[in-house]
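The structure under discussion appears below in the form of structure tokens.
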2 protein chains.
Amino acid sequence: MEKKKIRIKDIAQLAGVSVGTVDRVLHKRGKVSDEALQKVLTTLHEIEYKPNLIARTLGSKKTYHIAILTPDPSLDEYWHQSFLGAGQAETEWAQYDFYIKSFFFDLYDRNSFKSVAQAVYDDCPDGVLVAPIFYQEALPFFDLFKEDGIPYVLFNTNIPEVQPLSFIGQNLFESGKVGAELLHLRQSSTGTFALLHINEDSNNSVHLLEKERGFKEYFKENKLNVKIKILDLSNREESSIENELLGLLLEPQLQGILVSTSKGSSYIASLLEKHKKQDIRLVGYDLLEENIRYLKSGVIDFLINQNPKRQAFLGISYLANYLLLKKEPPLTDLFPLEIITRQNLKSYLESGIH
Amino acid sequence: MEKKKIRIKDIAQLAGVSVGTVDRVLHKRGKVSDEALQKVLTTLHEIEYKPNLIARTLGSKKTYHIAILTPDPSLDEYWHQSFLGAGQAETEWAQYDFYIKSFFFDLYDRNSFKSVAQAVYDDCPDGVLVAPIFYQEALPFFDLFKEDGIPYVLFNTNIPEVQPLSFIGQNLFESGKVGAELLHLRQSSTGTFALLHINEDSNNSVHLLEKERGFKEYFKENKLNVKIKILDLSNREESSIENELLGLLLEPQLQGILVSTSKGSSYIASLLEKHKKQDIRLVGYDLLEENIRYLKSGVIDFLINQNPKRQAFLGISYLANYLLLKKEPPLTDLFPLEIITRQNLKSYLESGIH
DNA sequence: ATTATAAATGTGTGCGCACACATTTATAAT
DNA sequence: ATTATAAATGTGTGCGCACACATTTATAAT
């Protein structure tokens with residue numbers, strides 16, 4: 001049962017070389033003849049060598065610095081949650097000499113992203129976890145990181161073409177479908193179903209379009225002959241939003257509204273409440289304080305949880321595992337689309353990071 | 001930022017003794033004079049010594065044996081999933097010299113539990129993860145383990161009075177409430193709502209009663225004047241179940257059915273399909289193959305996921321962390337009550353252990 | 001053939017601890 | 001006072017690796 005441990009020493013013996021040579025091969029430090037390289041690689045493969053992580057970290061006095069680049073958490077609850085996740089990861093990895101340094105940019109200012117990203121680069125971290133909100137501004141930095149061989153993990157927003165070590169997030173298309181499903185829920189095959197984009201920052205429009213695609217797809221796929229209303233209320237005055245909503249309420253048989261941004265749903269909820277339209281189903285995103293309040297009071301019916309906390313937590317873990325153990329994370333880790341209701345809310349709030 | 005590391009050697013120097021003495025104090029091996037003991041304890045406290053866990057595990061050549069005691073997974077899909085979780089945990093902890101030995105008992109045979117539990121005890125494991133399905137039979141074994149100082153973690157079924165190191169599972173009362181909520185979903189405040197217990201083994205009736213309590217509580221709490229039907233179809237012939245169900249279908253405005261056991265819902269689904277009653281909402285438990293099939297085809301509307309895989313996985317992790325690092329797990333870890341629908345199913349199936 | 005130089009290979013030490021074992025000191029028995 | 005014995009204290013080694021550094025071997029320049 002107990003498999004014998006194979007040490008570097010054993011590998012060396014099997015391959016007929018010294019431990020120094022094996023070490024050079026393992027760490028790709030070069031200065032190894034082709035012949036020796038082949039021998040070592042072969043036995044390494046044959047024997048399925050797994051380094052002892054414990055010994056490795058003890059033997060190396062190396063410390064790792066991971067930078068995390070996200071919107072400023074002090075101004076945004078969603079990003080505050082991801083900040084908490086990173087903190088949790090830090091306490092877990094501190095024992096292996098990992099240090100996490102946070103860099104925050106202004107969610108609404110592309111230039112701030114540029115300068116802060118530059119600061120990250122100048123800091124020479126061993127790995128980077130970043131939420132690349134600004135596509136254009138982000139691109140050149142990944143070139144820099146790649147050049148220097150610094151691994152980077154993306155979360156929240158994906159940019160596949162920069163080939164990150166891993167992307168952590170959700171499938172937004174399917175997220176839109178789930179949103180539509182929750183509005184529909186088999187109860188009525190007629191009426192109007194609305195999707196509202198309320199976006200303070202213009203930069204994640206790609207996000208919202210994906211959700212929109214999924215939203216439409218749901219009704220199409222299920223051959224539901226309903227009326228679909230898509231309203232983009234980005235960068236509008238509150239009064240203007242209210243007017244639009246009042247217009248929407250005049251729709252024949254308005255069944256429900258999905259709000260695609262986490263911050264938007266509570267405002268819509270307040271309007272529904274104000275106009276005594278609580279029988280319209282409302283679905284939003286994420287466990288923000290206000291959202292939770294409206295979920296509890298029944299104005300919001302469902303929340304879809306994106307779990308920003310766990311996204312950041314896992315991002316750090318993936319980087320740490322990669323740096324320490326050369327363990328490759330999955331190319332993309334798409335989180336389950338968690339459905340939160342009044343009744344299961346508590347079980348989510350009380351359950352740490354799941 | 002980077003705090004200086006204090007080694008045993010430093011403690012010894014500060015206290016004016018040898019490292020051997022410090023070691024004896026740290027591990028309470030005795031053979032230390034009162035005077036030396038005090039000196040060491042004082043400096044230990046002053047300096048807030050934290051042992052380097054990496055070095056500790058490397059220095060000790062100890063191997064750990066964890067026993068897992070569950071129903072036989074080859075006969076039951078639910079338990080098979082928890083078995084997979086344990087396996088996953090094993091590969092993760094193998095590098096720290098952990099060995100997991102599985103002991104399976106017959107889910108329907110109390111005596112088999114007794115004899116297998118005895119086998120676990122005789123095996124002298126360093127820690128035990130157990131699903132204590134049989135309350136009466138389980139009690140004496142926990143006395144034994146406690147006597148020997150062997151830590152045990154419970155999952156699936158809790159027995160608080162044996163004071164386990166940790167319990168991992170779900171809040172079944174709230175689970176019942178979620179079930180009721182999903183049947184109801186604000187759509188109708190009249191009609192009949194049914195809860196079906198279809199239990200092949202009589203031993204988890206406590207489970208089912210908890211869910212039943214939650215089920216009733218939901219309607220009471222929300223002051224819904226509906227008719228509630230509770231049917232216990234445990235240990236019945238299939239034809240007898242069918243008859244009962246046909247009777248239920250005659251109820252005025254039957255809105256939906258919650259089946260409290262993971263295996264029961266697919267049978268009810270087949271009956272609803274057979275009798276062309278697919279407009280009745282059906283909610284069940286867990287991502288069993290059959291359940292997934294009926295969820296996809298729309299006969300089952302919601303599944304509540306208990307995540308047996310992750311339960312076992314975490315159970316092992318808690319034990320390993322405790323044994324290796326003396327890290328205390330939470331007393332109870334109640335998983336979120338995950339709601340699975342047709343649309344978010346895929347995101348759950350594809351997302352490893354979350 | 002001889003030397004300088006680069007390439008390849010091998011050796012030794014320390015990371016912080018656990019634990020076996022050696023050594024010293026106190027205590028009891030004669 | 002001397003010895004036996006127990007109690008207390010101290011020392012040395014290894015866990016598996018990383019990494020600096022020493023040594024050997026191949027290659028090029030004269």
Side-chain angles (χ1 to χ4, degrees), chain A residues 2-41 43-44 47-64 94-97 126 323-327, chain B residues 2-41 43-44 47-64 94-98 126 323-326:
Chain A
E2 333 222 342
K3 47 185 163 184
K4 61 221 163 277
K5 309 203 156 187
I6 297 155
R7 302 157 297 172
I8 286 186
K9 210 172 159 183
D10 302 318
I11 301 286
Q13 204 166 11
L14 287 169
V17 297
S18 73
V19 292
T21 303
V22 177
D23 180 71
R24 260 165 246 125
V25 173
L26 283 175
H27 295 86
K28 293 173 186 155
R29 301 195 215 271
K31 314 212 167 178
V32 177
S33 68
D34 271 356
E35 190 191 10
L37 181 67
Q38 285 314 317
K39 282 194 293 184
V40 173
L41 285 178
T43 57
L44 228 39
I47 219 73
E48 288 186 348
Y49 171 70
K50 281 184 187 170
N52 182 327
L53 146 72
I54 300 293
R56 171 174 288 180
T57 56
L58 186 62
S60 141
K61 54 218 82 192
K62 195 165 185 173
T63 62
Y64 295 92
Q95 56 175 315
Y96 301 100
D97 276 328
D126 299 296
L323 290 169
L324 200 63
L325 315 176
K326 300 275 165 274
K327 192 171 160 190
Chain B
E2 333 223 340
K3 48 185 162 185
K4 60 213 165 283
K5 311 201 164 187
I6 296 156
R7 302 158 297 171
I8 286 185
K9 211 172 159 182
D10 302 318
I11 301 285
Q13 205 166 10
L14 287 169
V17 297
S18 74
V19 293
T21 303
V22 177
D23 180 70
R24 261 165 244 125
V25 174
L26 283 173
H27 294 85
K28 294 175 186 156
R29 300 194 215 271
K31 312 211 171 183
V32 177
S33 68
D34 271 357
E35 191 192 9
L37 181 67
Q38 285 315 317
K39 281 194 293 186
V40 172
L41 285 179
T43 57
L44 228 39
I47 220 71
E48 286 187 350
Y49 171 70
K50 281 184 187 172
N52 181 328
L53 301 171
I54 301 294
R56 171 173 288 180
T57 58
L58 185 63
S60 135
K61 56 218 82 190
K62 196 163 184 175
T63 62
Y64 296 91
Q95 55 175 316
Y96 302 99
D97 276 329
F98 276 86
D126 299 296
L323 291 169
L324 199 63
L325 316 176
K326 298 277 166 272

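Note: hydrogens, waters and symmetry copies are ignored here, and every other heavy atom, side chains too, is used. Quick note on labels: first sequence line is chain A, next is B, and so on, each numbered from 1. Model, not experiment: these values are computed from the prediction.
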* To do: With DNA chain D as reference, determine whether B:Gly30 or A:Asn52 sits nearer its 5' end, using the nearest nucleotide of each.
  =>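 On the 5' side of the pair lies B:Gly30.
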Let's see if you can work this out: which of [options] has an atom nearest to the side-chain heavy atoms of [X]?
X: B:Lys31; options: D:dG16, D:dT9, C:dA18; value: D:dT9
X: A:Ile8; options: D:dA18, C:dG16, D:dG10; value: D:dA18
X: A:Arg29; options: C:dT9, D:dG16, D:dC19; value: D:dC19
X: B:His27; options: C:dA18, D:dG16, C:dC17; value: C:dA18
X: A:Arg56; options: D:dT11, C:dC17, D:dA18; value: D:dA18

Starting at atom [atom1] of [X], determine the distance to atom [atom2] of [N], rounded to an integer number of angstrom.
X: B:Lys9; N: D:dG12; atom1: NZ; atom2: P; answer: 12 Å
X: B:Leu26; N: C:dG16; atom1: CG; atom2: C1'; answer: 12 Å
X: B:Leu58; N: D:dC17; atom1: CG; atom2: P; answer: 9 Å
X: A:Asp34; N: D:dT27; atom1: CG; atom2: C1'; answer: 16 Å
X: B:Lys62; N: C:dC19; atom1: NZ; atom2: P; answer: 7 Å
X: B:Lys5; N: C:dG14; atom1: NZ; atom2: C1'; answer: 14 Å
X: B:Ile54; N: C:dG14; atom1: CD1; atom2: C1'; answer: 16 Å
X: A:Lys28; N: D:dA18; atom1: NZ; atom2: P; answer: 13 Å

Below the 4.0 Å mark, does [N] have OP1 or OP2 next to a side-chain nitrogen or oxygen of [X]?
X: A:Tyr96; N: C:dC15; answer: no
X: A:Ser33; N: C:dT9; answer: yes
X: B:Thr21; N: D:dG10; answer: yes
X: B:Ser60; N: C:dA18; answer: no
X: B:Tyr49; N: C:dC17; answer: yes

To the nearest 0.5 angstrom, please state how far the [atom1] atom of [X] sits from the [atom2] atom of [Y].
X: B:Gln38; Y: B:Ser33; atom1: CD; atom2: OG; result: 9.5 Å
X: A:Tyr64; Y: A:Leu324; atom1: OH; atom2: CG; result: 5.0 Å
X: B:Lys31; Y: B:Thr21; atom1: NZ; atom2: OG1; result: 12.5 Å
X: A:Asp126; Y: A:Leu323; atom1: CG; atom2: CG; result: 6.0 Å
X: A:Tyr49; Y: A:Leu26; atom1: OH; atom2: CG; result: 5.5 Å

* Asked: How would you label the contact of A:Val19 with the nucleic acid (heavy atoms, under 4.0 Å): base, sugar-phosphate, or nothing?
  ->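 Base, at least one base atom sits under 4.0 Å.
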* Kindly give the heavy-atom pair with the smallest separation between A:Arg56 and A:His27, and that separation in Å. =>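 That would be NH2-NE2, 4.5 Å.
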* To do: Please name the pair of heavy atoms, one in B:Ala12 and one in B:Ser18, separated by the smallest distance, quoted to 0.1 Å.
  =>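 Heavy-atom minimum between the residues: CB-C, 3.7 Å.
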* For D:dT25, which nucleotide in any strand shown is its Watson-Crick or wobble partner with both distances under 3.5 Å? ->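 In the structure as shown, D:dT25 has C:dA6 as its Watson-Crick or wobble partner.
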* To do: Would you mind pulling out the nucleotide paired to D:dC15, Watson-Crick or G-U wobble, both distances under 3.5 Å?
  =>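 Here D:dC15 is engaged in a pair, and the nucleotide opposite it is C:dG16.
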* Only one of A:Leu53, A:Thr57, A:Asn52 forms a side-chain contact (heavy atoms from CB on, under 4.5 Å) with B:Leu58, so which one is it? ->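 Testing each of A:Leu53, A:Thr57, A:Asn52 against B:Leu58, the sole residue satisfying side-chain contact (heavy atoms from CB on, under 4.5 Å) is A:Asn52.
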* **nucleotides 20-26 of chain C: protein proximity per nucleotide (B base, S sugar-phosphate only, - neither; heavy atom, under 4.0 Å)** => -------
